[in-house]
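Each ligand, and each atom within it, is numbered from 1 in the order the structure gives.
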Amino acid sequence: MSMLQRAKAVADIARKTQSSWLDALRPSPALSDLPSAWVFLGPPGVGKGTYASRMASKLGVTHIAAGDLVRAQIRDRTPQGLKIASMVTAGDLIPDTLVLELLQERIDIGRESGETGCLLDGFPRTLLQAEALPSFTDVQLAVNLSLREEALIAKCRGRRICGVCNKNYNVADIDLPSTADEPAIQMPPLNPPATSSGSHSCREHLQVRLDDAEDTIRHRLQVYHAEARPIEEYFRERGQLLQFSITGGIPETMPRLESILHRHSIALKACQQSEQQPQLQTKQQQHHSQQQQSSQSIPQRQAAASC
Ligand SMILES: Nc1ncnc2c1ncn2[C@@H]1O[C@H](COP(=O)(O)OP(=O)(O)O)[C@@H](O)[C@H]1O
């Protein structure tokens, strides 16, 4: 085999391995005709949008950010947008009925264009929203991101958005030592590229969100803490809650998140398959699978619990 042939063979194997890895990672096909969904929970500034959007583009599924749907209404000065602008600027939540309407509309448009799965971020934010979610998506997993409070505030203050393409950047350079109860955190800034990629240079269009003023950030965190517990409980009771603590920047966090989601997805798919053939499982097999479950990781056990 020539050097070139060998290189091609290696590249082929790498491509196949990568695509089967991605296939396993993708949200499972929904059991109903609703789109399957993973939701990304967590406080303002934790990086829900960053990780959900990167994960979605990696998996080829849609990323839907509730905050973007809300801001589009304000930007387009729709009747709803005019009603909610001051609530958003003050850091308050907008009414459940309105956010549910916006999400339902977005999911319907996606279904018409053939979308079968999505990663949601910034939704649900109240228990009522969590309870309403199964009427329009097949929720399979809730990834609950967490990060030290000082880092959350620094990240919200450092957030910059490109006014042209809506891409998120962050100028905060976070380096917090560990404390008795908290891990050290190191997060370098995420600056826009120095050169323009395509039609514009993000560097020239960076904007600060009105609700990223320090007082408003603290208020948003209070609002988050007031609503978060019951939502986490809701998903925990269903075996769908996956806790994920962030301690570093994107290059360190993304592979860790991918690998935990990968394990979770495999377990969930195995679970769905066994659900489709429950009658084939003998008592002996059940005993064997119980033994295996006790050595699974937390997400695998959660997935098993949810099936
Ligand atoms: N699910 C939701 N329910 C109610 N209000 C929402 C929801 N999602 C977004 N909003 C409104 O949009 C604002 C911005 O949301 P988002 O972009 O997700 O920011 P962050 O997660 O940084 O607070 C929120 O402070 C709130 O006013």
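Classified by interplanar angle (parallel below 30°, tilted 30° to 60°, perpendicular above 60°), the ring pair F136/F123 is tilted.
Considering only residues two or more places apart in sequence or on other chains, E131 meets the side chain to side chain contact (heavy atoms under 4.5 Å, CB included) condition with L127, Y234.
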For ligand 1, list every N/O pair with the protein closer than 3.5 Å, one pair per line with the distance.
from, atom 1, to, atom 2, distance (Å)
ligand 1, 1 (N), G122, O, 2.9
ligand 1, 1 (N), Q129, OE1, 3.0
ligand 1, 3 (N), Q129, NE2, 2.9
ligand 1, 5 (N), I94, N, 3.1
ligand 1, 8 (N), G122, O, 3.4
ligand 1, 8 (N), R125, NH1, 2.9
ligand 1, 17 (O), R71, NH1, 2.8
ligand 1, 17 (O), R71, NH2, 3.0
ligand 1, 17 (O), R209, NH1, 3.3
ligand 1, 18 (O), R125, NH1, 3.0
ligand 1, 18 (O), R125, NH2, 3.3
ligand 1, 19 (O), R209, NH2, 3.1
ligand 1, 21 (O), K48, NZ, 2.9
ligand 1, 21 (O), R125, NH2, 2.8
ligand 1, 22 (O), R159, NH1, 3.4
ligand 1, 22 (O), R159, NH2, 3.0
ligand 1, 22 (O), R220, NH2, 2.7
ligand 1, 23 (O), R125, NH2, 3.0
ligand 1, 23 (O), R220, NE, 3.4
ligand 1, 23 (O), R220, NH2, 3.0
ligand 1, 27 (O), D92, O, 2.6

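Once rounded to the nearest 0.5 Å, the distance linking CD of E105 with CG of D108 reads 8.0 Å. In this structure, E101 CD and D96 CG are separated by 12.0 Å, a value rounded to the nearest 0.5 Å.
By the 4.5 Å heavy-atom criterion applied to side chains, S53 and H63 are counted as neighbours.
Using modelled atom types, one side-chain atom of R148 and one backbone atom of P183 make a donor-acceptor pair closer than 3.5 Å.
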